[in-house]
Amino acid sequence: MSVYTLNLRLFWLLVTCVLTALLLLHQYIFRGAEDQGNDCADQGPGAVTLFKYILAFILCYFFIKYCSAQPGTARRGFHKVPEVHVKSGVSKRELLDDHYKRHVRLSPHVLGHSKAHVAKLVSELVRVGRTDVLPESSLAFRGDFIQIGSSYEEHKVGSPDCFDILVPLRAPRGLKLEAGVCTDKPGGPPLCTLNTPRKAEWTRRHKAFMDTFMHLHNAQRVYRMSPYSVQRWFYTATQRCLAAIRYPFEQRCSLSLALSEEQQVLLRLTPRSDYVCCHISMGIRLIPAFPLGDGAFLVASRQGQRGEDLWTVYFPRQEQRLLAWLKGRLPPNSCHLKCLQLLKEVRNLSGETLDQQSGAEWGGVLSSYALKTAWLRLLLSTPPESWDECNLVDRLDDLLRSLRESLQSRALCHLLLGGVNGFLPDSVVLPKLVKETVPANLWAEFSDVTLDMVSARLAYSWNHLPRLIRLGRPQRTSLGRGVRCKYIDAE
């Protein structure tokens with residue numbers, strides 16, 4: 001992680017105080033000398049001079065205060081500097097380093113505090129929802145949670161204001177759910193169903209649960225767990241748990257819970273005071289999940305129709321072990337996280353200039369998970385010493401080249417599903433259900449025209465990076481709807 005830079009607000013305040021002290025000392029010495037020279041001298045001119053000094057000080061103080069309070073305006077004025085530097089011979093590496101420090105780098109202070117506050121809130125939430133005894137005819141929280149996503153893996157861009165949390169669920173006592181891979185959705189990541197036989201004794205004795213959470217599929221003569229019904233129950237259960245813990249937290253921050261159109265449960269934390277010292281409004285996406293075994297989970301799929309009752313496999317434990325294994329192999333000053341962050345920034349800057357439809361296709365193909373997959377593949381296929389900090393631009397070139405090659409070949413295979421299993425460490429163990437799965441192409445749903453567009457624009461974006469930086473990325477703020485982080489502004 002990078003070190004902190006100068007806090008400009010504190011710096012200018014100290015400068016103002018020092019100059020004021022020197023000014024008053026000078027005036028005192030000057031007046032003393034004047035009094036000694038002429039005891040009967042008129043005091044009018046000295047008073048006028050002192051008044052002028054005080055007036056000048058007040059004007060300078062308010063001017064400096066105004067400038068330091070408007071970091072966005074000041075920094076927008078500097079956006080033309082990179083262009084001038086590039087024309088004068090500054091390298092792409094210097095341009096990347098400057099932009100990284102200004103807009104991309106994660107502050108260790110802000111990241112640490114944000115993770116701590118999110119963990120405290122979510123741990124209380126799932127503790128309240130946990131039951132020691134298995135429920136008879138409903139679902140329940142298991143009592144733990146799993147932190148996933150870019151903020152925890154430390155390759156988020158800009159500000160750690162968005163967190164993903166897996167919340168494992170417990171099925172009712174006696175209910176036996178079997179996961180089955182859906183074979184009528186070829187091409188993409190495998191989608192699963194959670195089934196129970198139609199003639200099972202449990203289903204006949206718990207009709208209320210079956211009517212609420214399960215759908216009968218006559219073709220297969222099985223009941224399937226409905227992701228939509230689980231999400232609705234999870235939202236209601238989270239509301240009850242939040243109501244039980246709200247009071248001690250809302251003394252220092254406001255909490256709100258919402259269910260999006262995609263049936264995602266979003267918990268938003270907005271600080272009232274220095275409880276969150278960095279004053280960032282944070283969004284926490286709570287994801288209900290069923291354990292699949294070996295550290296994998298099934299979560300509601302956003303693909304397919306609502307009545308198909310499909311689930312997606314998540315591998316949080318496997319990815320955490322793989323990242324830890326890679327970190328142990330890489331040099332201490334490795335640029336691998338910085339490389340992925342800058343790749344995301346190139347995607348973000350280029351996407352800002354596209355129309356709504358093209359921007360959706362651009363972001364869909366170059367999703368964070370797709371970029372992370374390409375990045376992990378490159379990490380596994382290159383020598384660890386090549387990721388030294390001095391090789392940042394070369395590794396970015398390699399990463400962009402491999403992405404374009406994958407786009408031209410129309411395939412980016414999932415790392416853990418039919419991917420580079422020969423390169424994976426022994427600590428990465430997959431569930432039996434997905435071990436023999438055919439390779440999963442993350443871009444199977446996109447047309448050739450879309451992939452060609454993304455490939456061409458990716459090359460253009462990298463070649464015209466100074467122009468993109470000049471035109472894009474305003475003052476870095478949090479997603480707190482206008483709540484600025486004082487620590488990020490100061491760094």
Side-chain angles (χ1 to χ4, degrees), residues 106 110-126 129 141-169 189-192 227 230-231 234-235 238 260 262-269 280 282-303 311-327 336-337 340-341 344 363 367-376 379 414-417 419 424-425 427-431 434 440 442 479:
L106 275 176
V110 178
L111 178 62
H113 277 264
S114 300
K115 291 197 297 186
H117 295 311
V118 170
K120 182 177 180 180
L121 175 60
V122 177
S123 62
E124 286 295 308
L125 196 70
V126 298
F141 293 174
R142 198 172 69 178
D144 60 334
F145 61 94
I146 300 170
Q147 302 164 335
I148 63 174
S150 58
S151 291
Y152 292 107
E153 295 169 359
E154 299 186 4
H155 51 77
K156 177 111 171 35
V157 173
S159 175
D161 48 19
C162 194
F163 296 84
D164 290 338
I165 303 288
L166 280 185
V167 182
L169 302 180
L191 301 176
C192 299
V230 171
Q231 292 276 29
F234 181 74
Y235 173 65
T238 305
S260 68
E262 295 82 15
Q263 300 299 305
Q264 294 182 344
V265 178
L266 181 65
L267 175 61
R268 183 163 291 281
L269 184 153
I280 292 182
M282 293 177 287
I284 308 169
R285 190 164 65 110
L286 300 172
I287 308 170
F290 286 99
L292 186 60
D294 293 317
F297 292 85
L298 290 176
V299 303
S301 173
R302 284 179 279 178
Q303 303 179 35
W311 300 78
T312 302
V313 186
Y314 273 32
F315 302 96
R317 299 298 189 199
Q318 286 82 356
E319 292 183 2
Q320 289 169 3
R321 291 167 187 157
L322 177 59
L323 289 172
W325 179 75
L326 286 169
K327 184 178 180 180
H336 66 295
L337 291 175
L340 180 55
Q341 287 176 294
K344 290 182 177 181
S367 65
S368 294
Y369 194 79
L371 297 183
K372 176 181 168 182
T373 299
W375 170 73
L376 285 171
L379 278 170
H414 194 288
L415 190 67
L416 302 176
L417 299 173
L424 298 178
S427 59
V428 179
V429 180
L430 297 177
V434 298
L442 299 179
L479 289 179

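The structure displayed is predicted, hence computed values, not measured ones. Below, each value reflects all heavy atoms present in this structure, side chains not excepted, and no hydrogens, waters or symmetry copies.
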Which heavy atom of Q341 sits nearest to which heavy atom of V157, and what is that distance? O-CG2, 3.5 Å
Might you work through the side-chain contact (heavy atoms from CB on, under 4.5 Å) test for V167 and T238, ending with a clear yes or no? CA-CA 11 Å; V167 182; T238 305; over 6 Å; no
Does the side-chain contact (heavy atoms from CB on, under 4.5 Å) test come out yes or no for V313 and C192, once each step is laid out? CA-CA 7 Å; V313 186; C192 299; 3.7 Å; yes
Taking C-beta and beyond as the side chain, do E153 and L323 meet within less than 4.5 Å on heavy atoms? yes
Between L106 and P160, is any pair of side-chain heavy atoms under 4.5 Å apart? yes
Check whether any side-chain heavy atom of E319 lies under 4.5 Å from a side-chain heavy atom of L416, and answer yes or no. yes
Where is the tightest heavy-atom contact between V126 and S123, given as atom of each residue plus distance? CG2-O, 3.5 Å
Nearest 0.5 Å, please: how far is CG in D144 from CD1 in I165? 11.0 Å
Run the side-chain contact (heavy atoms from CB on, under 4.5 Å) check on V118 and L269 step by step: do they pass? CA-CA 9 Å; V118 170; L269 184 153; 5.9 Å; no
Would you give the length of the straight line joining atom OG1 of T373 to atom NE2 of H414, rounded to the nearest 0.5 angstrom? 6.0 Å
Any donor-acceptor N/O pair, Q231 side chain to Q263 backbone, under 3.5 Å: yes
Could you check whether any side-chain heavy atom of D161 comes within less than 4.5 Å of a side-chain heavy atom of V110, counting everything from C-beta outward? no
Would you say that Q147 contacts F163 through its side chain, given a criterion of any heavy-atom pair below 4.5 Å between the two side chains? no
Should L424 and Q318 count as side-chain neighbours, where that means a heavy-atom distance under 4.5 Å? no
Approximate separation, where rounding is to 0.5 Å, of L442 CG and L371 CG: 10.5 Å
Sidechain-backbone polar pair: K344 side chain, H155 backbone, donor-acceptor under 3.5 Å: yes
So, does K156 use its side chain to make a donor-acceptor pair with the main chain of S159 at under 3.5 Å? yes
Contact between L169 and F234 at the side-chain level, heavy atoms closer than 4.5 Å - yes or no? yes
Can any side-chain N or O of S114 pair as donor or acceptor with the backbone N or O of L111 at less than 3.5 Å? no
Calculate, to the nearest 0.5 Å, the distance between atoms CG and NZ belonging to L376 and K372 respectively. 6.5 Å
Working note: L379 + H336, criterion side-chain contact (heavy atoms from CB on, under 4.5 Å); need CA distance, chi angles, decisive distance, verdict. CA-CA 8 Å; L379 278 170; H336 66 295; 3.8 Å; yes
Test side-chain hydrogen bond (donor to acceptor under 3.5 Å, both in side chains) applied to E124 - qualifying residues, sequence neighbours left out: R127
Would you mind writing out the side-chain donor-acceptor pairs for residues 282-298 within the sub-3.5 Å range, not counting sequence neighbours?
| unit_1 | atom_1 | unit_2 | atom_2 | d |
| --- | --- | --- | --- | --- |
| R285 | NE | D164 | OD1 | 3.1 |
| R285 | NH2 | D164 | OD2 | 3.2 |

